[in-house]
Each structure stands twice: as C-alpha cells, then as structure tokens.
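Just so it is clear, the values below take in all heavy atoms, side chains as well, and ignore hydrogens, waters and symmetry mates. Just so you know, these numbers come straight off a predicted model, no measurement behind them. Order of the sequence lines sets the chain letters (A, B, ...), proteins ahead of strands, with each chain counted from 1.
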Amino acid sequence: MPHGEPGREPILQVRGLVKHYPLTQGVVVRKQVGAVKAVDGVDFDLYQGETLGIVGESGCGKSTVAKMLVNLERPTAGEIRYKGEDITRLSGRALKAVRRNIQMVFQDPYTSLNPRMTVGDIIGEPYEIHPEVAPKGSRRQKVQELLDVVGLNPEYINRYPHQFSGGQRQRIGIARGLALRPEVIVADEPVSALDVSVQAQVINLLDQLQSQFDLSYVFIAHDLSIVRHISDRVGVMYLGRIVETGTDAEIYEHPTHPYTQALLSAVPVPDPEAREHRERIILSGDVPSPANPPSGCRFRTRCWKARERCALEVPALAVPAEFRYAEGPAAHDSACHFAEEKQVVP
Amino acid sequence: MRQRIMIAMAMALEPSLIIADEPTTALDVTVQAQVMDLLAELQRELHMGLILITHDLGVVADVADTIAVMYAGRIVERAPVHEIYRAPAHPYTRGLLASIPRLDQKGQDLYAIKGLPPNLTRIPPGCAFHPRCPMAQDVCVTEEPPLARVTYEGLVAERRSACHFWKETLDASR
C-alpha cells in the first residue's frame, strides 16, 4: 500500500476548516442566538495514493467534513486546497472542474440511489454534468466498463436499484463515484450499512480500485478495525476537532490522547481470551452538545486526567512537548496538555 | 441515556430472564461500553439469564458464556464462547470470524464469504449455506444436516454443529 511521504506535495490540504450552523429564534424577526459548531478547526493533508481514515463517534463532525470536501456544504471558514488551490473560493467553471476530481461514496446504498432510475442512468448521470469526459455515443459502453470494474455484470445496466442487494448497491454507488475518473474519493461510512459477510467484499473492492486507478481516499467510519485495515494514516475526531493524528500503528499501538485511548479500549475485541486481561476505560456521560462545547479542551468534561489548565487553554494539535525530541511512534500529533503513551489494544 | 431507561423498564418486574435484541447497535462505542457494563453488572447482582442478540462478534466475545450462530432461520452452531472462537465447527462461523480485519492482515485482502444471504422465501435445499460454502459436497445439497454433537478431546461442555463436515471444518480451523 502506498504511503504519504512528507516530502511530496499533498493532493488535498485542509487548514482551519470550520462549519457553524446558525441557531435562530423568532418567526417574524429571525435573529441568530448561537451556532452548532459541527466542525471547528480541522487540519489535515492527503497525499496521492494514500488512504486517510477519519474516526469518531456520531456528532463529531466527520460527515460534515466529508460534505465540505466535495463542496456539498460551504465552509464557514478555512481552506481546502486541492493541488495548492483553495477550492472554497472557487465558483462557476473553475469549481466544476475541481469537483470532477473529488467524488463521494455515500453511506446508505438504499437512499443514495434514485429508485426510479436504471443503474445505467445512475452511473451515467455524472456525464450529463461533465460531458467532456464521455461523449454521448460512448456513454453506454463506459457505464458497462464501470459495472465490470466494480464486479457487477455489465448486462445489468437496465435494471433498477431494488433488484440489487445492499452490497451490490454499494458497488453501484462506487461505480458512480468512479465515472468521472476522479483522483480523490471521499467515502463516508461506505460499509456500515452492510452485513458483516458483505463488508469484506466491498473493502477488498475499494482496496483493489485504489491500486488500479491510483486513487486517494478519505475514508470516514466509526468502525475502528476497518479503518485500521484500510488506512495509511488515521485522524481521530471529537466534537468538531481532530484530537490525534498519525500513522495507523502510531494511533492504534501508541495512542497518547486520552480520548483515543478510551475509544480504542471500548471497542469489543472478537477474542474471548482477551476478556480478563484487558483494561477498559469507561467514560462517564455523553458527548456534550456542539452548540455549547466546553471551554478549553473539549474532551475535559469526560476526561479522567482533566485539570484546571484544560478548562483555560485549548490544546493545539501538535507533537506534545515531552515527545518532541524523542524518536519513536509516540511522537505524533496529539491535542492534549497531558499526553501520555498508553497501550490499550492487546 | 434512553437505553438506560429501557433497561430500567425491563428490570422493573425483577425478571429471571432478559432478552436484549441488539441493545447497543444504535450506540457509539464509548456509550456501548457503558451499557454493556451496566447489563453485566445487573445480571451478576440479580442472577438473571441474558439472551443477547447481536451481529457484533466483538460484543458477544466480551459478555457471552455460550454462543449460538444463526443462518437462514436455523441455529447452525452452538458452543461455549472460548471454544467457538478458538476453533469454529461450522464453515459459516468460520467465514464470519475470518472476515473480521486482523492486524496481521494489513495490506492483504480480507477473507470474504462469497455470495449473499439467501432470500427467506427460497431457502436452498439441504444445508441452506451450501451455495456459499467452500466445503460443500453433493450431500449438502440433498440432506439437511442435523445440529449434531461435536466431540473432541479436551471439550468439557456440550457443543453442536449443523454441518455434515464439522469434523473437517474443526480440523481445518485448528
């Protein structure tokens, strides 16, 4: 699997990405009384041919990040640079050209395909918007090629989505994402609606397509073991921010942020032998509302290490001071004032 | 929090058996850990039986004593938790366990059970799993395997598998 090298130019650079949804009050005179801070300052890089996994629990903002990457939502602030160019400022023809290169695979293969359209029309629809990719006469053939690429029978082109199973529908969604030959695919929980036995088939397909077309993936999921399997690097999100990021081994074997540690320790391991000698960190309470996040470190209300400083100072996402001059896997970005290495996965 | 209320309601009459149907599927992992902790604690304190219905092989490994695996309307394997994870005796169980991403498989293809679960109005004859099974023989198409007793040296509790070739499956997975 290809890896992102820091020396290379990233294909996507995200800096200070923010999305606030206004909360309004009043019917006649609407006034803003606050904002849901769905995403509140997210930075990451994506390199050519690599997979960046983003994990986090519901409401942490990972899907909002995905929508901003493909321009389905406009950021409140921040930059998304595609090959150096900030796409949040683009409009018209320039925006259209960039959007072609960043495509999305959606979570739910039951609602993301129009039931009244044939598979051929669904996969071919991107060509209506970008006719330069496939001239009218060649479209049917292109769609059949795509069906073949994702492991579906090209003769199914005239069928409707309801004639397919969940796994097959997700393959249709992937074929649609590939139609315009994009360089970046944003996959938002692409297998979480599928059966366990079918998930593996779709993950293998995504892996194979990545090497075949040199794709870069942003892979968003809440299933930590699947993210680890497919990702070169992983970012952990909590309440609108990335709290820790590093290579898969750095995050899974040497986590330094308490939230990552709690998250990893909460994942049930499919091995009954691990039951006795596993330390579990049980967090208290629920995730706070993003409309009113805690001051300072957002995780402090559920953190067993929290001290006064955590309420006052927002910890920056950087290599913590105690690891800065150290070599080794603990020296990766972690937004915690009291970062400490702790192995939680046996 | 809502799931705690549901648990409280279920406990109100001090039952001797609780049936929890996918109690944590809609929850995030950190909350799932809280709820499973609570269930396990109540079970210990009140000496209740617990039937936990789930698709998550991690959750059962954590809490169950005995596991029954269902496929197309039937129990295809039943065994003590440690035994089933160590050496499954049914090819479906074996496939499920093999398709979980493991650390040493990074960069390789995941094992995938071929095909799809059957339509329940047209369950295949014989063993319902035979069209997807790597070990299927002619007998699997014609004869439905009974949930037969599995025996081997060192096995203390009862263990059963509905596979004509449970012995071969067990040997292959050990």
Side-chain angles (χ1 to χ4, degrees), chain A residues 1-2 55-60 164-168 194-205 207-208 222-232 238 248-249 252-253 259 262-275 278 280-287 302 345-346, chain B residues 1-2 4 24-38 40-41 54-65 67 71 79-86 92 95-119 129 132:
Chain A
M1 213 179 275
V55 293
E57 297 181 276
S58 30
C60 73
F164 294 91
S165 68
Q168 288 173 319
L194 306 176
D195 265 334
V196 187
S197 67
V198 179
Q199 278 189 355
Q201 298 172 0
V202 173
I203 291 291
N204 289 344
L205 173 67
D207 235 350
Q208 170 222 322
H222 69 277
D223 185 321
L224 289 144
S225 55
I226 285 178
V227 168
R228 170 150 209 196
H229 181 82
I230 198 163
S231 303
D232 302 300
Y238 185 79
D248 69 294
Y252 284 80
E253 286 163 34
Y259 177 64
L263 193 64
L264 287 171
S265 87
V267 179
V269 178
D271 172 15
E273 314 294 332
R275 243 195 244 187
R278 249 183 96 210
R280 305 200 80 171
I281 305 166
I282 306 269
L283 291 178
S284 55
D286 285 321
V287 183
R302 302 173 79 196
V345 181
Chain B
M1 198 49 82
R2 289 190 204 179
R4 279 174 197 266
T24 59
T25 304
L27 306 177
D28 284 313
V29 281
T30 59
V31 181
Q32 168 173 285
Q34 294 171 3
V35 170
M36 291 315 300
D37 228 38
L38 175 68
E41 198 187 304
T54 176
H55 68 278
D56 189 320
L57 292 158
V59 171
V60 274
D62 248 2
V63 300
D65 303 305
I67 294 181
Y71 187 78
V81 62
H82 290 274
E83 301 298 325
I84 207 167
Y85 280 83
R86 197 177 299 141
Y92 176 59
L96 278 185
L97 290 173
S99 61
I100 304 170
R102 282 204 330 263
L103 285 185
D104 50 349
Q105 289 179 321
K106 178 117 179 135
Q108 297 168 29
D109 265 4
L110 287 174
Y111 177 81
I113 300 176
K114 64 180 181 188
L116 303 165
N119 182 328
F129 187 60
R132 306 178 73 191

Please classify the contact of B/D37 with chain A as side chain, backbone, both or neither, using a heavy-atom distance under 4.5 Å.
side chain

Residue, of A/H222, A/R280, A/Q199, that accumulates the most heavy atom pairs under 4.5 Å with chain B
A/R280

Determine yes or no for a side-chain-to-main-chain donor-acceptor pair under 3.5 angstrom, with A/Q201 supplying the side chain and B/I113 the backbone.
yes

Gap between atom OG1 of B/T30 and atom CG of A/L264 - 0.5 Å precision
12.0 Å

Heavy-atom pairs under 4.5 Å with chain A are the metric here; pick the option from B/V63, B/L57, B/L97, B/D62 that has the most.
B/D62

Heavy-atom distances under 4.5 Å only: say whether A/I226 touches chain B with side chain, backbone, both or neither.
both

Which atoms of B/Y92 approach chain A - backbone, side chain, both or neither, heavy atom under 4.5 Å
neither

With sequence neighbours excluded, what pairs up with B/D28 under the side chain to side chain donor-acceptor pair (under 3.5 Å) test?
A/S58

Of all heavy-atom pairs linking B/Q34 and A/I282, the shortest is CG-CG2, 3.8 Å

Residue from A/P270, A/G56, A/A200 scoring the most non-hydrogen pairs under 4.5 Å with chain B is A/P270

Is it the backbone or the side chain of A/S265 that comes under 4.5 Å from a heavy atom of chain B, or both, or neither?
neither

For A/D271 and B/A61, work out which heavy atoms get closest and say how close.
N-CB, 3.6 Å

Between OG on residue B/S99 and CD1 on residue A/I203, distance to nearest 0.5 Å
11.0 Å

Measuring heavy-atom distances to chain A, does B/Q32 have an atom under 4.5 Å in its side chain, in its backbone, in both, or in neither?
side chain

Could you tell me whether the side chain of A/H229 and the main chain of B/Q108 form a donor-acceptor pair under 3.5 Å?
yes

